[in-house]
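A, B, ... follow the sequence lines: proteins, then strands. Residue 1 opens every chain. Not measured: the values here are computed from a predicted model.
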Protein chains: 2
Amino acid sequence: MSPAAAEPSEGSLLLDDQLCFALYAASRAVTARYRPLLDELGLTYPQYLVMLVLWEQDSISVRDLGAALQLESSTLSPLLKRLEANGLLRRERRVDDERSVALRLTEGGHRLRERAGQVPLAIGDAMGLTPEQDTLAKQLLRLITANVTD
Amino acid sequence: MSPAAAEPSEGSLLLDDQLCFALYAASRAVTARYRPLLDELGLTYPQYLVMLVLWEQDSISVRDLGAALQLESSTLSPLLKRLEANGLLRRERRVDDERSVALRLTEGGHRLRERAGQVPLAIGDAMGLTPEQDTLAKQLLRLITANVTD
DNA sequence: CACGTATTAGTTGTGTGCGATTTAATCGTG
DNA sequence: CACGATTAAATCGCACACAACTAATACGTG
């Protein structure tokens, strides 16, 4: 920090004072960094996040997937259709509750997990934070998310 | 932090270990928080960011605006057309370099600044960070952005 | 068990984001 | 000054994101 820097942070309309812009820019920059890696897997970034959830817990409902990713069904439905068209998962109506759709990985969906294993390391490396900074950043981001949500 | 928490952070494929997801979720949550406030101004969130830049520096080129926001012309061109259609700015070809387009606020565009004045306080309030946390978060996010941008 | 309410996915419409390409204008080097 | 390289915007195609709405199913209470 330059010692003589003014502190107009509160209520300023200057772009560079705004935490919200730092957040928005960082999010897009990180996604851009993922893009070439995920291209090789045939995934977009949101599709990759869906696959993370499914590798963790197969046969999840669209509803629970949306809760995990904080995404609406209007976002997930077309995305899941693309993953199904690409042969990574199947969508099946639950027999016990036909309102619900279970997402089940195909063989190809499971196999992709091995190829994805390198991705988090590569990204973590690119971010270049110390473990302490990484933990701190996650804590702050979760605090912001929690405070801002309702 | 729970003291006994394992540290599988490096190389984990668990969604909740990933800084990238915390970032993505926080960015969307903050944007969602802005939405009702910006609705009253007739702006979307990216449009609001454009207006922040223009209030700071009028008569900027599309190129420099893109550099400030880290957005491509393919994103900005349609967005700027909407702002022009809503009467907030005009786009004029530069006389000294006809490749370039200068963005100039209209009277209405300037007037909107007063109504937008409350927005940063309201958002800062909702985020609920201490000034120290706010500064720290901005530093970490800028570090990530810089590291990740080749 | 009938019927109003709630829940779950999906559809539609609008607005980003970005890669690839296009068009027009300017620059640089011989 | 000629002409290939570069630059600035815009266009196109695709994939999110989300609000508003719809359709189908399940639930709960009288």
Side-chain angles (χ1 to χ4, degrees), chain A residues 21 24-36 38-39 41-51 60-67 69-86 89-103 149, chain B residues 21 24-36 38-39 41-51 60-86 88-103 149:
Chain A
F21 175 66
Y24 169 77
S27 180
R28 284 185 302 109
V30 169
T31 302
R33 186 71 182 213
Y34 269 97
R35 208 180 319 278
L38 296 181
D39 276 352
L41 306 182
L43 295 174
T44 65
Y45 181 69
Q47 288 170 9
Y48 168 71
L49 294 179
V50 167
M51 294 304 289
I60 197 179
S61 68
V62 174
R63 176 195 136 81
D64 290 347
L65 178 65
L69 297 175
Q70 295 295 322
L71 288 172
E72 302 296 319
S73 72
S74 50
T75 298
L76 289 175
S77 285
L79 187 158
L80 293 169
K81 275 193 190 177
R82 283 175 210 114
L83 290 179
E84 186 176 39
N86 293 343
L89 57 81
R90 276 189 298 274
R91 294 177 301 150
E92 314 169 334
R93 227 81 215 189
R94 285 248 153 86
V95 281
D96 53 329
D97 185 346
E98 295 229 342
R99 292 173 304 181
S100 192
V101 166
L103 306 168
T149 305
Chain B
F21 175 66
Y24 168 78
S27 180
R28 284 185 302 109
V30 169
T31 303
R33 185 73 181 212
Y34 269 97
R35 208 181 320 276
L38 296 181
D39 276 351
L41 306 181
L43 295 173
T44 66
Y45 181 69
Q47 289 169 9
Y48 169 71
L49 295 179
V50 167
M51 295 304 289
I60 196 177
S61 67
V62 173
R63 176 195 133 80
D64 290 347
L65 178 65
L69 297 175
Q70 295 295 320
L71 287 172
E72 303 294 322
S73 71
S74 50
T75 298
L76 289 175
S77 285
L79 187 158
L80 293 168
K81 275 193 190 178
R82 283 177 210 114
L83 290 179
E84 187 177 39
N86 294 344
L88 296 178
L89 57 81
R90 275 189 299 273
R91 294 178 300 150
E92 313 168 336
R93 227 81 215 187
R94 284 249 152 86
V95 281
D96 53 330
D97 185 345
E98 298 228 340
R99 292 172 302 181
S100 192
V101 166
L103 306 168
T149 307

Quick check: do [X] and [Y] have side-chain heavy atoms less than 4.5 Å from each other?
| X | Y | result |
| --- | --- | --- |
| Thr44(A) | Leu38(A) | no |
| Leu71(A) | Arg28(B) | yes |
| Ser77(A) | Lys81(A) | no |
| Leu83(B) | Leu43(B) | yes |
| Val50(A) | Leu76(A) | yes |

Which residues share a side-chain contact (heavy atoms from CB on, under 4.5 Å) with Asn86(A), sequence neighbours left out: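 If we apply the side-chain contact (heavy atoms from CB on, under 4.5 Å) test to Asn86(A), skipping adjacent residues, there are no hits.
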
For Arg94(B), all residues meeting side-chain contact (heavy atoms from CB on, under 4.5 Å), sequence neighbours excluded: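 Residues passing side-chain contact (heavy atoms from CB on, under 4.5 Å) with Arg94(B): Ser59(B), Ser61(B), Asp96(B), Ser100(B), Ala102(B).
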
For [X], all residues meeting side-chain hydrogen bond (donor to acceptor under 3.5 Å, both in side chains), sequence neighbours excluded:
| X | value |
| --- | --- |
| Glu72(B) | none |
| Glu84(B) | Arg91(B) |
| Asp97(B) | Arg99(B) |

Base, sugar-phosphate, or nothing: which does [X] touch, judged by heavy atoms less than 4.0 Å apart?
| X | answer |
| --- | --- |
| Arg94(B) | nothing |
| Thr31(B) | nothing |
| Ser100(A) | sugar-phosphate |

Please encode protein proximity along nucleotides 13-20 of chain D as a string of B, S and -, counting only heavy-atom distances under 4.0 Å. --SSBBBB

Spell out protein contact along nucleotides 1-7 of chain C as letters: B when the base is contacted, S when just the sugar-phosphate is, - when no protein heavy atom is under 4.0 Å; keep the 5' to 3' order. ------B

Looking at Lys81(B), does any N or O in its side chain come under 4.0 Å of the phosphate oxygens OP1/OP2 on dT16(C)?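 Negative; the distance criterion is not met.
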
At less than 4.0 Å, is any side-chain N or O atom of Arg91(A) found next to OP1 or OP2 of dG10(C)? Yes or no.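 Yes, within the criterion.
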
Interatomic distance where [atom1] belongs to [X] and [atom2] belongs to [N] [whole Å]:
| X | N | atom1 | atom2 | answer |
| --- | --- | --- | --- | --- |
| Leu65(B) | dA10(D) | CG | P | 11 Å |
| Glu84(B) | dA10(D) | CD | C1' | 13 Å |
| Leu83(B) | dA9(D) | CG | P | 16 Å |
| Leu49(B) | dG15(C) | CG | P | 17 Å |
| Leu76(B) | dG17(C) | CG | P | 10 Å |
| Leu103(A) | dG10(C) | CG | C1' | 13 Å |
| Arg93(B) | dT23(C) | CZ | P | 15 Å |
| Ile60(A) | dT8(C) | CD1 | P | 13 Å |

Arg90(A): salt bridge (Lys or Arg N to Asp or Glu O under 4.0 Å) partners, not counting sequence neighbours: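 Listed in chain order: Glu92(A).
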
In degrees, rounded to 10°, what is the bend between the two ends of the helix from dC1(C)-dG30(D) to dG30(C)-dC1(D), using five pairs at each?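 The two end axes of the helix from dC1(C)-dG30(D) to dG30(C)-dC1(D) meet at 20°.
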
Relative to the 5' end of DNA chain C, which residue comes earlier, Val62(A) or Val95(B), by the nucleotide with the nearest heavy atom?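 That would be Val62(A).
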
Counterpart residues, ring pair (Phe, Tyr, Trp, His ring centres under 6.0 Å), relative to Tyr45(A) (two or more places apart):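 Here the qualifying residues are Tyr34(A), Tyr24(B).
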
